[in-house]
Amino acid sequence: MQSTIPLISRRRERGKWFQKAQHAVPAVVLLNAGVRGLMEGQHGFGLALSIAEIAVSALLLRELVKEFAAARRPPAAHEQHHGVSWFEIFVAGVLTVEALERWHVHGHLPRPTLTMAVVTLFLGLFHGRLHGRRSKRRWTLHLDDAGLRLQTRAFGRPF
């Protein structure tokens, strides 16, 4: 019988969740701006922007709650993370809507914010592939009839 156990740091996983939680503040501010825009009776592009602010912020906050619930559950040993990261895609949406609001109010597009939105969207879309590459370098503990061994590919070859 052979068992493989991936060694996962709970502190690292908590740190990653707190990095995600930092996005809640801009999402709440953007949600407030969207509600304020609707209450002021915006028309045309301003109305569409207010609706987009509310929608993207609500989706990001919903995804954040789902991520928090998933972080509280104990990870399954067989659980694989694959596909896109909706959280990062919604963060890219929040950044894009923030840039569009700045353009609408001040008349210029903030290029760093748009660049960050494009990079975040890329990371969200290719999250599964990037995570798969990184998981190959993860430390694992192998238990079989031959004994116990620790394996990592951190240095290019098994240890």
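From a predicted model like this one, the values you see are computed outputs, not experimental measurements.
- Residue Leu60 holds its CG atom at 11.0 Å from CD of Glu88, rounded to the nearest 0.5 Å.
- By the rule that hydrophobic residues join a cluster once side-chain heavy atoms approach within less than 4.5 Å of another member, Val28 and Leu38 end up as members of one cluster.
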Acceptor/donor pairs from residues 111-119 side chains to any protein atom, 3.5 angstrom cut, sequence neighbours excluded:
{"unit_1": "Thr115", "atom_1": "OG1", "unit_2": "Arg111", "atom_2": "O", "d": "2.9"}

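- The two residues Gly37 and Ser50 come nearest to each other via the heavy atoms CA-OG, 3.5 Å.
- Crowding of His43 atom NE2: a count of heavy atoms from other residues, nucleotides or ligands under 6.0 Å not exceeding 12.
- A tilted orientation is assigned to the rings of Phe126 and Phe122, their planes being inclined by 30° to 60°.
- The aromatic rings of Phe45 and Trp103 lie perpendicular to each other, with more than 60° between the two planes, well past the 30° mark.
- Linking ILVMFWY side-chain heavy atoms closer than 4.5 Å, directly or via other members, places Ile51 and Val35 in a single hydrophobic cluster.
- Leu64 contributes atom CG, which lies 12.5 Å from atom CG of Leu59 (distance to the nearest 0.5 angstrom).
- Ile89 pairs in a side-chain contact (heavy atoms from CB on, under 4.5 Å) with only one of the listed residues (Leu123, Leu125, Thr120), which is Leu125.
- Atom CG of Leu95 sits about 9.5 Å away from atom CG of Leu30, to the nearest 0.5 Å.
- Note that CZ of Arg62 is 7.5 Å distant from CZ of Phe90, once rounded to the nearest 0.5 Å.
- A continuous path of hydrophobic side-chain contacts links Leu31 to Leu47 [ILVMFWY only; heavy atoms under 4.5 Å].
- Taking each heavy atom of Ala33 and Glu53 in turn, the nearest pair found is C-OE1, 3.4 Å.
- In this structure, the side chain of Ser85 does not engage the main chain of Gly124 through any donor-acceptor pair within 3.5 Å.
- The hydrophobic clustering, which links ILVMFWY residues whose side-chain heavy atoms are closer than 4.5 Å, places Ile54 and Met39 together.
- A 4.5 Å side-chain heavy-atom check between Gln42 and His104 finds at least one atom pair inside the cut-off.
- Each of Val91 and Val65 belongs to its own hydrophobic cluster when Ile, Leu, Val, Met, Phe, Trp and Tyr are linked at side-chain heavy-atom distances under 4.5 angstrom.
- The minimum heavy-atom distance between Gly93 and Val56, with the atom names listed, is C-CG1, 3.5 Å.
- Taking the side chain as every heavy atom from C-beta outward, Trp86 and Lys66 never approach each other to under 4.5 Å.
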